[in-house]
Student: 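Before we start, here is the structure in question, set down as structure tokens.
Residue numbering restarts at 1 for every chain, and letters A, B, ... go by the order of the sequence lines.
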Amino acid sequence: MIVAEPKPIKEVAGYIKDCTKILVVGCGGCTSVCMAGGETEAEMLAASLRILRKMEGRELVTAVTTITRQCEPEFVESISSKVKEVDAVVSLGCGVGVQFLAEHYRDKWVLPALNTVFAGGTVQAGIWEERCGLCGDCILHLTGGICPVIRCAKSILNGPCGGSQNGKCEINPDTPCAWHLIYEKLSAMNRLDLILQFHPAKDWSKERSGGLRNRKREDAVL
Amino acid sequence: MKSGSNLEKVLSQGKFAVTAEIGPPKNASPEKLVQDAKILKGWVDAVNITDNQTAVVRLSSIAAGVHLAQNGVEPVVQMTCRDRNRIAMQSDLLGAYSLGIRNLLCLSGDHQKFGNHPQAKNVYDIDSIQLIDMVRGMRDDRKFLCGEEIKEHHPRYFIGAVANPFADPFEFRVLRLEKKINAGADFIQTQSIFDINRFEKFMEMVRRRGLHKKVYIIAGVTPLKSARAARFIQKRVAGMIVPDQLIERMEKAGDQKAEGIKIAVEQIQHIKTIEGVAGVHIMAINWESVVPQIVEMAGLR
Amino acid sequence: MSDFKPKIVAFCCYYCAYAAADVAGSLRVQYAPEVRLVEIPCSGRIDPVVILKTFEEGADGVYVAGCLEGDCHFLKGNIRARQRVNYVQKILGELGIDPERLAMYNLSGAQGGRFAQIANEFTEKIKKLGPSPLRGR
Amino acid sequence: MVVGGGIAGMQAASDLAESGFFVYLITSDDSLGGRMARLDKTFPTNECSMCLLGPRMTGSLNESNINLLTRAKLTQLEGEAGNFTAVVERQPRYVDEARCTGCGLCADTCPIEVKDEFNGELSKRKAVYKQFPQAVPNKYAIDIENCIRCMKCTRVCSAGAIDHQQQSEILNINIGAVILAPGFESFNAQQLGEYGLGYYSNVVSNIQFERMLSSTGPTGGHIYRPSDGAVPKQVAFIQCVGSRDCRKGYGNEYCSAVCCMASVKEAIIIKEHKPETEIVIFYLDMRAFGKNFDRYVNRAVGQGIKLQRSLISSVKEDPITGNLSLSYCDKGQVLTEEFDMVVLGAGVQPPKSAGELAKAAGIELNQFGFAKTSYSNPVETTRAGVFAAGGFIGPRDIPETVVSGSAAAAAAAELLSAARGVSSREIKYPEEKILSSEQARVGVFVCCCGSNIAGVVDVSEVVKYASGLPGVAGAWKFTYSCSQESLQKLKEIIHEFHLNRIVVAACSIRTHLPLFRNALREAGLNQYYLEMANIRDQCSWVHRDYPEEATAKAKDLVAMAVGKVRHHRPLYLKPVQVVQKALVVGGGIAGITAALSLAEQDYQVYLIERQESLGGMLNQLYLPQDGIKPRELIEKKIHAVKSHPNIRVYKNAELINVSGRIGDFQSKIKVEKTTIELKHGVVVIAAGCREGNIKEYMYGEDKRVITRLEMEEFLSSGNNSLVKTVVFIQCAGSRQEGREYCSRTCCGQTVRQALALKELNEDVNIYVLYRDMRTYGFMESEYRRAREKGVIFVNYQPDSPPDLQGGYNGINIKVKDPSSRSNLELTADLVVLASPAVPAEGLDKLAGLLKIPVNEDGFLVETHAKLAPLDVPTPGVFICGSAHSPQNINEVIAQAKGAAARAAGVLSKSHLLAGGPVAKVNQEKCAACVTCVRLCPYGVPYIGSKNVAEISPVQCQGCGTCAGACPNKAITLEHYRSEQLIEKVRAMFNMEVARSE
């Protein structure tokens, strides 16, 4: 899932300082699961913004709604009547959600309430961690299912670098060295040959630096 | 001869090579470099120039290399993968060669977190082994990384790589060394050795795989200035092992600097006896003046 | 400030805090009349939105009272409640509302005296802090 | 048939009805309630007696399997166990119960006033009357002896209920078993002229005093001197009036067991009303032997109540001031003190009707006139199929009365197990109105609770305020909202005003929610359309000195309840299957008795015991008690257990895990090295107690110092020829810091051991050093016998305990005798310590497994100290025996049987109802984030085949932890949904805004 985290409330309050009516839109997808943008957080943010306004002595009218996923035009459209009523929309979706809302409602300010941080998963209740670098050219079959692109601070493909010690990355003693993990995994699976292979320079054109990526599935296009 | 550099000549003749290392200044003046060149001239076979070491901005390693060369010292230009993509790197490789640089040491580079621009975006378009492969390809296959032919005047570097016998997983370090050799490394400079036993073990594994016959291994030595410095390296620098008894010895010594020099000399003498070691690389950062003394005491000149 | 009569909402779990309040009653332990009790089956039921909205409505102070730690009728609800209280305290801090206005207490169902003591203590604290910045706005 | 409408009778009747029997509950009174209805508060929790009783009475009346007959007497019992014909004579009430609405107009118009015996004749009542405001059934009755037939009542009664011509009727009722629970009476202290009751107006009996304390009593809960209405400043209590007195005509030989605590309670209540009152309790022994009693007494002493160990021989009145002077002996001196008021701690005695009833039922009475029952089965009378319960067996407090009611129910159910379910009836509520779409019309009912609430809170003001709240269709004031009359009225108002949401502002949901929910159901409303505001326990009682603030708070609480109830939704309960088997933990007398009772009632029982043999503590007791030898008793019972086809015994077995819920538990037990899984519907905890360690009195240092258990063995060996002087030291390790409770069983055991010694050798010198001899109840006779036999009892004070020195000739003991203020020096061959009874090993762990709280002393905590002594908060789990608190064998047996009856209430049903306020998933919102799955302490939620969370309403315990964490608000805890809580809070602030505007 896409993992996001709340922006400082006062920062969001700053975005909407000139608004009197806002719609706070939660997302029932990834940001719900990572407890950053579900209805609970949407309610929390709305209440927080109202409280800040109240303390300024000004009123802020908020409406709160949550849509199943902000990254689907139909769901985005489903709140059009509510959007019409307000000066601005505050989205608790990921960066995708904010943009989908902004694109769909061209004449509305759509403001982000979250910082979208990474693609990852729940390693334990309340703790999420990055796992995928969205590089567009997966090499996990070579690395024992451990991604060096995102889990190595240098994204090196022929690791580990010299900074690997006691299985930890040099830049953070709490972070495991991805290449150490790869080494252990491949060694346990008796496939060290994979790590000994020279991994040639990667084709990064499939990564974000290759320009806006899209994907098409012909038979699904309507 | 692959490159025709002095270092390559020394090594290929089977002589015990001596290299040193200097860090370029954090300014635009060649003064310090010229000074260091004067000190080192005649004492060493080549001198490494670091590439924005620890991710701190310094005078470019290629330019510094040119200054050294102009002052009679053969440089080993270091190149890291942190700050340039494959285009910039190949461009710089062409440029450096045109300025007379012949030795190149390929590294991935310290993470920017440790430097003075932790906010910088790192590149790591390619990694150090890919860099070695790329430099070798330009030399041997006369091709750019993309496969395009270098029709004439292809750069022919004496390709160096680094090895850290003190990083983990230990057993894998030799395998990775082999990977670097396979990618095209001609010589290897190791991380500073304090734990000589571990280095012995490392070399034993190297010999078992016959790697010492495929590559020149130059062992890294760093004279310790003080017990405090030793302690700092032990605790703070990733990928370094400093045995406690070494620190204790430094602490007990009356003149810690002299003791540091003495230890370095002893280490060099020990290293010289290890089969498969082709030379020493003396890394006396900010203490370049001590290099001649060590070289002399160790009986290397 | 002496005539400031704070409005305090206490979210009390049925098994301990509410029961303790009843015991305080049967023992006629007298305590501050400012506290308004809202019964919840377990302190673990409390959610951050309810707490924050209680402040928004104008509460000068809010506390959640559950069973003693380790003695939760529902095993761990009171631990969760404490975590959520901590979370809302952080948000209150961000909003510029003294996090001290929110507290978590633990007591057993038999501790009528303790219930009264908590009510008094907390009321005193809120009186010292003065009216909530949201009061009357 | 249950004879007696007091708490014992009601308990027996309701347990039987729960277990699938049809019960005739007959009482000679006009109302249910018995003695407890006369009490103001109960010890040691100071809970309002009527508040506890009210729901019970209403519950008994409303139970469809109980047929209540008032003014009815059992006159004859023919046939045999399992098939009796009971002849019941019903006295006319002269008021048609079916027609009477309890409005009270008849009493208002009645010109005749007579002394009200219910209030101890301190006030008057009419000839047509209701015993007390909360009477159940809420029907008037005519005292025909005093009625002059002026017919005023007939004319005023619009319901046409008055019928002076009513005749008594004789009913022949076919029944299987009879439980006699006619209760007890107070000793009439007028018989003891020296105390002046009846002559000196400021001398009152304890029952009169209770009535004065009661807010519905003659003085409305205020204490005034009867002579001049002044508030008394000095009050004396005289204990043992008519008890522990073997002079003919001076009362009874036995100890009445409850008066010490009752007086302490009354004293504490006076202090609560008027803290400056000086109170002295004159007593012989402070018999605070029950659970948490000693703490209660210590609290009284802490509040400045003086306890004076002195016999009062007479009371003298100053005829001018009405003051009373008491002379007593203290530390060798005779002192005289004057008091404004004297309360006599009059004891209890069998009801006057006991003889008549015994004759009718064909049972024998004991020497004191109580029902003769067996020590080994304390509810069994001399006639098969006839059982006894409550005060009719002997003096006892409320929880023991409740226990005996349950025990008698179990005994009857054992006898009649074949007939279970044959004649029981299902309750039919009117069909529920479907209201979910209708706009909320809230009815607010504000209770005065006599003066409990109204004495502090301005109830009328609250009513007025409530009626103006949004959504409120009307507000009403009730004197006692829990009375039959009020409940009836509530139902009528619901219909009349088309109410669909109800707020009752009264007392605690912990005691009264079921009652009002039931009323809603009877009115055709979903029971969850109710919200209560606790304006008594959490308002009027705790803000007594701030009536204005209390009223404001009550208004807030009412507004909050209204705010919430408007957002209530109807909730429904679903039937779920019951595993009709029991797990009994503990193979001592308690566990064995419970197991046998359940097995006899035809339920499968798993009995597990940690030790390698059954029997527990009784294996170590040799001396007969009431003619029964504990070891023989236990051997007989073990044999019965082993041969019973319904009981499976696991020895060396330990409960290691329990999951599931009431009706469907899954337990893992470890038997030696194997783990066995058992399924059962209930758990009975009978883990017992053990002898605690003693650090004092040279125990372990000198072999001549032994514990009471070691003494049992010593006596059984018969080898005691060398012993010439024996000293017993009581309270060795009990009633001290860290173990502030009484071990209860020691005083009786000491007396038995002393008598056994004397029997073996008349010449042996025996001294008993004691703090209070707690030979309560009939044990008092043995205490007296011991004194007659020459056993010397010496009192010691805890601040100067006996001092022991080991010597060649024996153990030298020095003890200070506070009555003579001299030091007594003794040399003993043997010192016997009354060792403490402490919780069994592992009880805390067991409690943890079943989520049962333990008290400061390590014993299990019951749901309610008075009315639910065998239940614990975890549904489907029951406790009995010494794991509850230290007890004597007959008491343990009664508890064990009682627990069996409580358990049978669950096991008798094939299905239980589940659901209601549980977590519910809105699957459309669920993002399957797994938070609830990880969080639930019971592991209930799971991600189902639809890839969203599912929560089974049967297993959900309703804590709402998941709802509090759900990131997308997909989970709601019904009845406590966030919006309901927020609306509840908002209501209080909205109102404030409205007020300021």
Student: Would a 4.5 Å heavy-atom cut-off, applied to side chains only, mark D:Thr961 and C:Arg84 as touching?
Tutor: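 Yes, their side chains come closer than 4.5 Å.
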Student: So with a 6.0 Å cut-off around CD of D:Glu856, is the heavy-atom count from everything else above 12?
Tutor: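 12 or below, so no.
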Student: D:Lys969 versus chain C, heavy atoms under 4.5 Å apart: side chain, backbone, both or neither?
Tutor: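 When you check distances to chain C, only side chain atoms of D:Lys969 fall under 4.5 Å.
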Student: For C:Gln30 and D:Arg544, which heavy atoms make the closest approach, and how far apart are they?
Tutor: OE1-N, 2.7 Å
Student: Given that the side chain runs from C-beta out, which part of C:Ile46 has a heavy atom under 4.5 Å from chain D: side chain, backbone, both or neither?
Tutor: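 Backbone of C:Ile46 only, per the 4.5 Å heavy-atom cut-off to chain D.
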Student: Got a second to check how far C:Phe11's CZ is from D:Lys984's NZ, nearest 0.5 Å?
Tutor: 9.5 Å
Student: Please classify the contact between C:Val9 and chain D as side chain, backbone, both or neither, with a heavy-atom cut-off of under 4.5 Å.
Tutor: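 For C:Val9, the contact with chain D is made by the side chain alone.
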Student: Keeping D:Gln957 on the side-chain end and C:Phe74 on the backbone end, is there a donor-acceptor pair under 3.5 Å?
Tutor: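 The answer is no, because no donor-acceptor pair under 3.5 Å joins these two groups.
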Student: Does any backbone or side-chain atom of C:Arg28 lie under 4.5 Å from a heavy atom of chain D? Answer side chain, backbone, both or neither.
Tutor: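 For C:Arg28, heavy atoms of backbone and side chain both lie under 4.5 Å from chain D.
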Student: Quick one: of C:Tyr15, C:Phe115, C:Tyr14, who has the most non-hydrogen atom pairs under 4.5 Å with chain D?
Tutor: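 Going by pairs under 4.5 Å, I would pick C:Tyr14.
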Student: How long is the straight-line distance from CD of D:Glu983 back to CD of C:Glu57, given to the nearest 0.5 Å?
Tutor: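 One gets 8.0 Å once the value is rounded to the nearest 0.5 Å.
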Student: In Å and rounded to the nearest 0.5 Å, what is the CD to CD distance from D:Glu531 to C:Glu39?
Tutor: 7.5 Å
Student: Which distance, rounded to the nearest 0.5 Å, do you find between the NZ of C:Lys53 and the CZ of D:Phe989?
Tutor: 14.5 Å
Student: So D:Ser978 and C:Arg45, do their side chains get closer than 4.5 Å, heavy atoms only?
Tutor: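 Counting from C-beta outward, C:Arg45 and D:Ser978 do come under 4.5 Å.
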Student: Go through D:Glu272, D:Glu549, D:Gln538, D:Lys564 and name the one with the most non-hydrogen pairs under 4.5 angstrom from chain C.
Tutor: D:Gln538
Student: Taking side chain as everything from C-beta outward and backbone as N, CA, C, O, which of these in C:Gln83 sits under 4.5 Å from a heavy atom of chain D? Side chain, backbone, both or neither.
Tutor: neither
Student: Enter the distance from C:Glu34:CD to D:Tyr546:OH here, rounded to the nearest 0.5 Å.
Tutor: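 Atom-to-atom, C:Glu34:CD and D:Tyr546:OH are 9.0 Å apart.
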Student: For D:Arg977, is it the side chain, the backbone, both, or neither that has a heavy atom closer than 4.5 Å to a heavy atom of chain C?
Tutor: backbone
Student: Flag the one option from D:Asn534, D:Ile269, D:Ile852 with the top tally of heavy-atom pairs under 4.5 Å to chain C.
Tutor: D:Asn534
Student: Given that the side chain runs from C-beta out, which part of D:Ile509 has a heavy atom under 4.5 Å from chain C: side chain, backbone, both or neither?
Tutor: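 Looking at D:Ile509, backbone and side chain both touch chain C.
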Student: Search all heavy atoms of D:Ile982 against all heavy atoms of C:Val49 and return the closest pair with its distance.
Tutor: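 That closest heavy-atom pairing would be CD1-CG1, 4.5 Å.
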Student: Looking at C:Cys42, C:Ala19, C:Pro33, C:Ala59, which has the largest count of heavy-atom pairs under 4.5 Å with chain D?
Tutor: C:Pro33
Student: In terms of heavy-atom pairs under 4.5 Å with chain C, which of D:Ala561, D:Cys959, D:Ser540, D:Ser508 leads?
Tutor: D:Cys959
Student: Is C:Asp47 close to D:Leu981 at the side-chain level, that is, under 4.5 Å between some pair of heavy atoms?
Tutor: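 SC-SC contact between D:Leu981 and C:Asp47 ruled out.
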Student: Measure the spacing between CD1 of C:Ile40 and CD of D:Gln980 and express it to the nearest 0.5 Å.
Tutor: 13.0 Å
Student: Within a 6.0 Å radius of atom NZ on D:Lys920, are there more than 12 heavy atoms belonging to other residues, nucleotides or ligands?
Tutor: no
Student: Please classify the contact of D:Ala965 with chain C as side chain, backbone, both or neither, using a heavy-atom distance under 4.5 Å.
Tutor: both
Student: If you count heavy atoms of other groups shown closer than 6.0 angstrom to CD of D:Glu548, is the number above 12?
Tutor: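 12 or below, so no.
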Student: Work out which heavy atom in C:Ala32 is nearest to a heavy atom in D:His543; give both atom names and the distance.
Tutor: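 Closest heavy-atom pair between C:Ala32 and D:His543: O-CE1, 3.4 Å.
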Student: Any idea which heavy atoms bring C:Pro48 and D:Gly964 closest together, and the distance?
Tutor: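 That closest heavy-atom pairing would be CD-O, 3.8 Å.
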